[in-house]
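One structure, as structure tokens, below. Some questions next.
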Amino acid sequence: MRKFMVVFILMAAFYAATILQAADDKPYVIVVSFDGFRWDYTDRGLTPNLDRLMDRGVKAQSFEPVFPSKTFPNHYSIVTGLYTPNHGLISNHFRNPYTGEEYRLGDTVSVRQAKWYRGETIWVTAQRQGVKTASFFWPGSETEPGYTHPTYFKYYDGSIPHKERVDGVIEWLSLPEEQRPQLIFLYFSDTDTQGHRHGPDSPQLNAAIKLVDRQLGYLQQRLQEIGMAEQVNTIVLSDHGMSSVTPERLIRIDRFVDLSRVTIDDGGPFMRLSVKDPYKKDDVLEALQKQAEHFRVYRKTDIPNHWHYRNSPFIGDLLLVADVGWSLVKDAAEAKRLQKPGTRGNHGYDNHALDMHGIFVAAGPAFKEGYRTGTLHNIDVYPLLVDILGLTPNPMIDGKAERIRFILK
Ligand code: AMP
Ligand code: ZN
Ligand code: ZN
């Protein structure tokens with residue numbers, strides 16, 4: 001009888017081990033975004049935790065954003081694999097000129113309306129195939145109806161302490177296996193905020209670099225504590241870089257154009273103009289072209305191909321793009337605002353400019369070890385995640401798996 005019991009216990013233990021083994025075989029990915037973390041911030045000797053991650057895994061020389069190099073367009077390109085006109089978010093703020101409705105980063109009504117978002121996010125792709133997902137803040141993750149947002153998500157609140165965000169991620173990973181998300185997004189804004197306020201070369205920015213790096217350290221520590229450190233793939237990336245801007249480098253548009261003849265959207269690194277009288281489009285374009293110093297102006301149809309920006313009905317008639325470090329402003333009042341202290345860095349410029357590039361560092365069972373590569377493209381992250389999680393992708397994407405797949409084992 002005792003012998004029988006021993007055999008039974010051994011069999012039960014073997015069975016339990018097989019189940020645990022099955023759970024262990026699942027791929028897990030955490031994508032951490034450090035907003036506005038420029039490609040070269042890792043060279044400042046302030047990031048011991050990022051350094052450890054890159055030693056264990058992959059580091060790209062830089063991470064190319066899409067145009068415009070702003071927060072919402074880029075976070076949404078990362079999760080859809082699409083250029084901005086194809087996923088809908090052509091800026092942090094834009095208008096539908098046909099209805100007059102506005103989309104705005106800080107507006108909790110519009111950011112939750114699915115109608116502004118096109119393409120398929122990686123969380124929708126995953127959930128359709130039975131894989132649970134989660135987000136502790138990500139632009140475009142708060143939409144209704146329910147099937148369009150991650151399985152678990154939080155409404156954005158920048159005042160939620162960093163520790164709470166990491167603990168939230170660990171809580172999700174500690175759920176029973178059938179409820180546990182395999183793909184989790186996590187976001188920190190500090191490097192962007194301090195970069196804007198004090199510039200990319202300021203001590204305040206360096207403090208923010210250290211702060212976000214410490215969050216990565218805390219995440220790794222908590223993953224160790226729950227026994228998942230070896231199993232989880234961690235990707236740390238950023239949406240864009242940062243350039244210093246100075247009060248002397250301002251371009252005032254009212255010097256060239258009668259402001260009553262145009263509607264202006266955006267400003268700073270780039271500006272979109274709609275000319276009220278369609279017959280005057282060429283006049284406005286010529287006036288701007290004649291004056292164009294430290295910026296370029298394009299008719300919508302002539303926007304360079306490499307920006308992949310032309311194909312949106314919301315862009316307006318003309319696109320103005322400033323040289324890196326210069327700022328386009330409407331008039332004297334706006335110029336004054338930009339001359340105030342606390343406005344020393346910006347992004348949104350040509351996405352090919354190196355100052356606009358971010359970081360990409362990743363480690364875990366899926367990634368090569370101690371591997372260094374050149375520039376990666378953020379629209380290729382969607383197909384990368386598809387590969388790691390073993391999903392069938394939305395085939396209608398701009399990203400290319402073959403441009404990034406080689407970083408995997
Ligand atoms: P920007 O530098 O203008 O491109 O945008 C950066 C800002 O976007 C950050 O400082 C955050 O305050 C804000 N932000 C980031 N994620 C979200 C989100 N999910 N919802 C609302 N605002 C966000
Ligand atoms: Zn950003
Ligand atoms: Zn920013």
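Just so you know, these numbers come straight off a predicted model, no measurement behind them. Each residue takes its place number in the sequence, starting with 1. Read the numbers this way: they start at 1 and go in the same order the structure lists the ligands and their atoms.
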### ring-ring contact (aromatic ring centres under 6.0 Å, His included) partners for Phe185, two or more places apart
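In terms of ring-ring contact (aromatic ring centres under 6.0 Å, His included), with neighbours along the sequence ignored, Phe185 is linked to Trp123, Trp138.
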### Task
With Thr151 as reference, evaluate Gln127, Gln179, Arg180, Gln182 under the side-chain contact (heavy atoms from CB on, under 4.5 Å) test and give the passing residue.
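Testing each of Gln127, Gln179, Arg180, Gln182 against Thr151, the sole residue satisfying side-chain contact (heavy atoms from CB on, under 4.5 Å) is Gln127.
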#### Entry: Shell of protein N/O/S atoms around the Zn ion (ligand 3), taken as anything under 2.8 Å
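Checking every protein N, O and S atom gives Asp192 OD1, Asp192 OD2, His196 NE2, His347 NE2.
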### Message
Quick one: does any side-chain atom of Ser327 pair with a main-chain N or O of Leu250 as donor and acceptor, under 3.5 Å?
### Response
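No, Ser327 side chain to Leu250 backbone: no donor-acceptor pair under 3.5 Å.
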### Query
His347 pairs by side chain to side chain donor-acceptor pair (under 3.5 Å) with which of Asp239, Asp35, Asp192?
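Only one option passes, and that is Asp192.
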### Message
Nearest 0.5 Å, please: how far is CD1 in Ile359 from OH in Tyr41?
### Response
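Those atoms lie 10.5 Å apart.
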### Candidate list Thr80, Val131, Leu391, Leu384, test side-chain contact (heavy atoms from CB on, under 4.5 Å), partner Ile122, passing option
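Output: one option passes, namely Leu391.
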Would you mind writing out a table of all protein N or O atoms found under 3.5 Å from any N or O atom of ligand 1, naming both atoms and giving the distance to 0.1 Å?
unit_1   : atom_1 : unit_2 : atom_2 : d
ligand 1 : 2 (O)  : Asp192 : OD1    : 3.4
ligand 1 : 2 (O)  : Asp192 : OD2    : 3.0
ligand 1 : 2 (O)  : His196 : NE2    : 3.0
ligand 1 : 2 (O)  : His347 : NE2    : 3.1
ligand 1 : 3 (O)  : Asn92  : ND2    : 3.1
ligand 1 : 4 (O)  : Thr71  : N      : 3.1
ligand 1 : 4 (O)  : Thr71  : OG1    : 2.6
ligand 1 : 4 (O)  : Asn92  : ND2    : 2.8
ligand 1 : 5 (O)  : Thr71  : OG1    : 3.0

### Query
Taking the six-membered ring where the residue is Trp, are the ring centres of Phe137 and Tyr187 under 6.0 Å apart?
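That pair fails the under 6.0 Å test.
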### Query
How about Lys115: does its NZ atom have over 12 heavy atoms from other parts shown lying under 6.0 Å from it?
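For Lys115, atom NZ is crowded (more than 12 foreign heavy atoms under 6.0 Å).
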### Query
Who are the ring-ring contact (aromatic ring centres under 6.0 Å, His included) partners of Phe153, not counting sequence neighbours?
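Partners of Phe153 under the ring-ring contact (aromatic ring centres under 6.0 Å, His included) test: His149, Tyr155.
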### Query
Does Asp282 come within less than 4.0 Å of Arg299, counting only side-chain N to carboxylate O?
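Salt bridge between Asp282 and Arg299, a charged N being under 4.0 Å from a carboxylate O: yes.
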### Task
Find, among atoms of Asp239 that are N, O or S, the one nearest to the Zn ion (ligand 2), and state its name.
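Of all N, O or S atoms belonging to Asp239, OD2 is the one nearest the Zn ion (ligand 2).
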